[in-house]
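This report concerns only the one structure given below.
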Number of protein chains: 2
Amino acid sequence: MSTRNSSPAPGSGRGQRVTIADIARRAGVTSAAVSLAVNGRPGVSAATRERIMDIARELDWEPSPAARALAGAPVLTVGMVLARPAEVLGNEAFFGAFTAGLQEVLSAQDYSLQMKMVESPEAEIETYRRWFAQRRVDGVVMVDLRVDDPRIPALEEIGQPALVVGGPGHHGSLPSVYVDDAQATNLLVDHLASRGHSRIARVAGTAEFFHTAQRDRAFLGRCTELGIEGSLQDAGYGAQDAAVATAELLTATPPPTAIIFDSDEMALAGTHVLLESGVQVPEQIAVASYEDSALARTHRPAITAIGRSAIEYGRLAATRLLEIIAASRKRPQGDATATTAGGAPGSEAAEVRAIEPVLLVRGSTDPDAEPALSTPPIRG
Amino acid sequence: MSTRNSSPAPGSGRGQRVTIADIARRAGVTSAAVSLAVNGRPGVSAATRERIMDIARELDWEPSPAARALAGAPVLTVGMVLARPAEVLGNEAFFGAFTAGLQEVLSAQDYSLQMKMVESPEAEIETYRRWFAQRRVDGVVMVDLRVDDPRIPALEEIGQPALVVGGPGHHGSLPSVYVDDAQATNLLVDHLASRGHSRIARVAGTAEFFHTAQRDRAFLGRCTELGIEGSLQDAGYGAQDAAVATAELLTATPPPTAIIFDSDEMALAGTHVLLESGVQVPEQIAVASYEDSALARTHRPAITAIGRSAIEYGRLAATRLLEIIAASRKRPQGDATATTAGGAPGSEAAEVRAIEPVLLVRGSTDPDAEPALSTPPIRG
DNA sequence: AGCTGTTACTATAGCGCTCAAGTAGCGGCG
DNA sequence: CGCCGCTACTTGAGCGCTATAGTAACAGCT
């Protein structure tokens with residue numbers, strides 16, 4: 001990258017592809033030596049290595065991933081497959097940031113991300129199977145963890161590096177990273193309780209998702225602990241569903257004094273229903289969300305939310321996955337015995353790493369929270 | 001060592017990889033015959049082909065993309081690189097749906113999508129260079145078209161299949177697909193004019209984007225045509241920027257009676273500012289957006305928007321790109337003369353296809369528009 | 001019978017790289 | 001002095017597939 005590429009614009013690269021053989025010829029060595037040199041492996045003298053590298057740069061050589069892969073080298077690609085409808089992807093603030101975090105770390109290590117959207121978990125598993133069978137990826141990151149997720153045993157059986165995003169707990173023998181949803185829940189409930197709320201509702205997404213179940217449990221648990229009334233309202237993950245659920249909550253007698261939504265999108269939709277019904281937010285009913293976003297911030301009132309730093313989450317996932325891949329290369333072929341399937345050595349395979357959630361208190365739960373957004377911080 | 005072959009199919013697990021040589025041996029032919037058979041190419045009899053296919057299935061054979069690529073076959077991958085900050089990606093409804101549309105078509109043709117996020121246009125170009133040099137992708141789709149986009153000449157020089165998303169107009173010799181932003185603008189302006197508005201403001205995103213410039217021009221043009229007052233307010237693409245711009249608009253004397261925002265996110269943020277300032281929407285100021293989303297729909301008032309069917313847009317882009325790739329395979333190596341750089345034959349290289357925008361009238365411009373969203377269409 | 005043409009294959013090179021095994025050269029050491 | 005061990009390479013064999021000749025078998029035609 002030091003040399004301004006496309007150098008002195010020679011025929012614009014139209015000629016034959018430059019191979020290590022070309023470099024070898026020029027350097028007066030064999031292609032094997034070049035291979036050692038460009039891959040930073042021992043076996044060539046420092047002087048030769050440098051000479052080779054110079055020539056490679058000069059010739060504008062690029063390695064052929066196909067040839068490398070065919071010869072057994074890692075393909076420097078990780079995969080991620082999404083089995084959810086497009087709108088969900090589009091509307092969720094979390095996802096884009098998570099992906100960005102992933103990319104950031106992967107790109108830095110010269111890895112690329114291959115994505116695929118499918119219709120069902122079965123199709124997702126099938127995709128993993130083929131990716132691995134074809135050696136298209138060195139590892140995968142599995143998102144949208146569900147309760148009793150069928151992808152876990154499938155990935156274990158396939159026996160190639162995989163990282164589960166979600167937790168806590170052990171997912172078969174697969175390693176994972178997660179955000180502590182129980183802690184996030186406690187932050188939210190405690191915050192509301194400290195503001196004097198004693199009837200809190202939670203408008204939850206689909207309970208089949210692991211984190212939803214996790215939140216449900218933590219929510220009810222914490223409410224009981226604090227001796228306050230906590231009610232669960234199931235909904236899908238869409239804005240529409242949240243609106244319906246919120247409307248239903250309003251018919252309760254008495255209605256809750258605070259509502260926690262599973263996402264920013266849901267919180268926004270729910271808040272609209274409240275405001276439209278003449279309910280004051282936060283005076284009559286406070287609102288909080290598990291997910292932060294620019295919209296949650298600009299909304300009036302701004303929505304109190306959990307910041308889970310999706311970017312950081314993505315970075316963590318990528319870092320962990322790369323470790324797993326590296327480990328799996330060391331102990332060559334994971335054999336079929338389940339214990340090492342995750343790729344990481346033996347018992348520590350299922351090691352888990354977490355991100356700390358933080359609470360961002362805003363106007364939707366605290367009337368005194370800095371209201372000034374029309375006079376924004378930007379523009380000195 | 002129990003060969004726990006984990007799957008009913010033989011060799012599906014840990015064993016050696018199944019190759020066409022294995023199939024050939026079993027079928028009593030050479031690997032070349034197998035290659036012809038599995039690729040649906042002429043040269044083998046129907047009977048032999050079927051026998052080979054059966055064996056391939058039975059053996060659970062999967063082609064090796066690496067080997068294929070090395071031998072000169074297409075890699076069945078298209079690339080897309082995004083040079084924008086993560087939040088933008090996350091907040092924009094458009095992007096997810098567009099990607100989904102892309103994937104849908106690509107997957108159906110057994111193509112995969114490789115994505116990369118970078119920091120700058122230069123890094124983006126560098127990525128294209130390397131992707132092509134390494135033969136990692138068969139083609140790329142270029143999004144977020146800018147005015148005088150440096151990526152156009154770069155892609156032309158690289159001389160590999162590429163599709164420009166955005167337009168209209170010719171982008172060097174590159175083919176493109178686009179949504180007619182001028183028409184969308186007319187739809188919006190006409191709608192507002194027909195509702196009696198004669199002072200319309202447009203809160204625009206960064207003008208360096210092609211479609212923004214396009215909209216600006218169309219907006220001013222149409223306003224002039226209709227003899228109404230149109231004003232342009234520049235902003236970034238964020239919610240924050242839109243909020244600021246809206247606040248500024250309110251200080252004008254007289255303020256506009258309608259505001260058109262460049263995206264749903266901006267429209268939402270702007271509307272909050274209006275409502276917070278006690279402005280009635282749409283009675284005092286009407287609001288419309290170029291981008292639709294679930295949030296725009298659930299918002300109260302619901303936001304009038306342009307539906308550009310991002311999914312369909314993605315599908316179109318993928319379809320077009322695959323055509324371009326196919327064409328470029330026919331006429332082998334694009335030579336360096338710019339004319340054929342897009343991959344498509346000669347003069348029709350720059351052919352362009354468009355998607356029709358539609359106007360979705362909602363409460364933010366029309367108080368009579370079906371207000372019922374708390375009683376949503378779903379359920380029942 | 002001899003020639004051209006098909007069809008249905010086979011044989012043989014690679015594609016660009018990696019890796020295990022081999023070798024040349026050289027200083028050190030008993 | 002002969003052997004060891006080490007470094008710095010070279011040799012050669014693939015990885016799994018595609019592609020381009022080439023060949024055998026057989027039909028059609030004059």
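The sequence lines fix the lettering, A, B, ..., with proteins before strands; numbering per chain opens at 1.
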In terms of side-chain geometry, is the basic nitrogen of A:R129 or A:E157 positioned less than 4.0 Å from the acidic oxygen of its partner?
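Judged by the 4.0 Å cut-off on N to carboxylate O distance, A:R129 and A:E157 do form a salt bridge.
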
Are the charged groups of B:R26 and B:D54 less than 4.0 angstrom apart, N to O?
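Judged by the 4.0 Å cut-off on N to carboxylate O distance, B:R26 and B:D54 do not form a salt bridge.
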
Donor-acceptor pair, side chain of A:D138 and main chain of A:P74, under 3.5 angstrom
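Answer holds: no.
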
Distance alone, cut at 3.5 Å: any donor-acceptor contact between the side chains of B:Q114 and B:T77?
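No, no side-chain donor-acceptor pair sits under 3.5 Å.
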
Could you encode protein contacts along nucleotides 17-22 of chain C as a string, one character per nucleotide from 5' to 3', using B for base contact, S for sugar-phosphate-only contact and - for no contact, with a heavy-atom cut-off of under 4.0 Å?
BBB---

Separation of [N] [atom2] from [X] [atom1] (nearest whole Å):
{"X": "B:L76", "N": "D:dG16", "atom1": "CG", "atom2": "P", "value": "19 Å"}
{"X": "A:E50", "N": "D:dA8", "atom1": "CD", "atom2": "C1'", "value": "17 Å"}
{"X": "A:R136", "N": "D:dC15", "atom1": "CZ", "atom2": "C1'", "value": "17 Å"}
{"X": "A:D22", "N": "C:dG16", "atom1": "CG", "atom2": "P", "value": "9 Å"}

Taking for each residue the nucleotide of DNA chain D with the nearest heavy atom, is it A:A33 or B:L70 whose nucleotide lies nearer the 5' end?
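Going by which nucleotide is closer to the 5' end, it is A:A33.
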
Output one line per pair: protein atom, nucleotide atom from nucleotides 21-25 of chain D, and distance, for all N/O pairs under 3.5 Å.
none

So [Y] and [X], do their side chains get closer than 4.5 Å, heavy atoms only?
{"X": "B:P175", "Y": "B:R320", "answer": "yes"}
{"X": "B:I325", "Y": "B:V78", "answer": "yes"}
{"X": "B:F98", "Y": "B:V165", "answer": "yes"}

Below 4.0 Å: OP1/OP2 of C:dA8 and any side-chain N or O of B:T48
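No, no such contact exists.
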
Phosphate OP1/OP2 of D:dC9: any A:S45 side-chain N/O under 4.0 Å
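Checking A:S45 against D:dC9: at least one side-chain N or O falls below 4.0 Å of OP1 or OP2.
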
Within a 6.0 Å radius of atom CD on A:E50, are there more than 12 heavy atoms belonging to other residues, nucleotides or ligands?
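No - once you tally the heavy atoms of other residues, nucleotides and ligands closer than 6.0 Å, there are 12 at most.
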
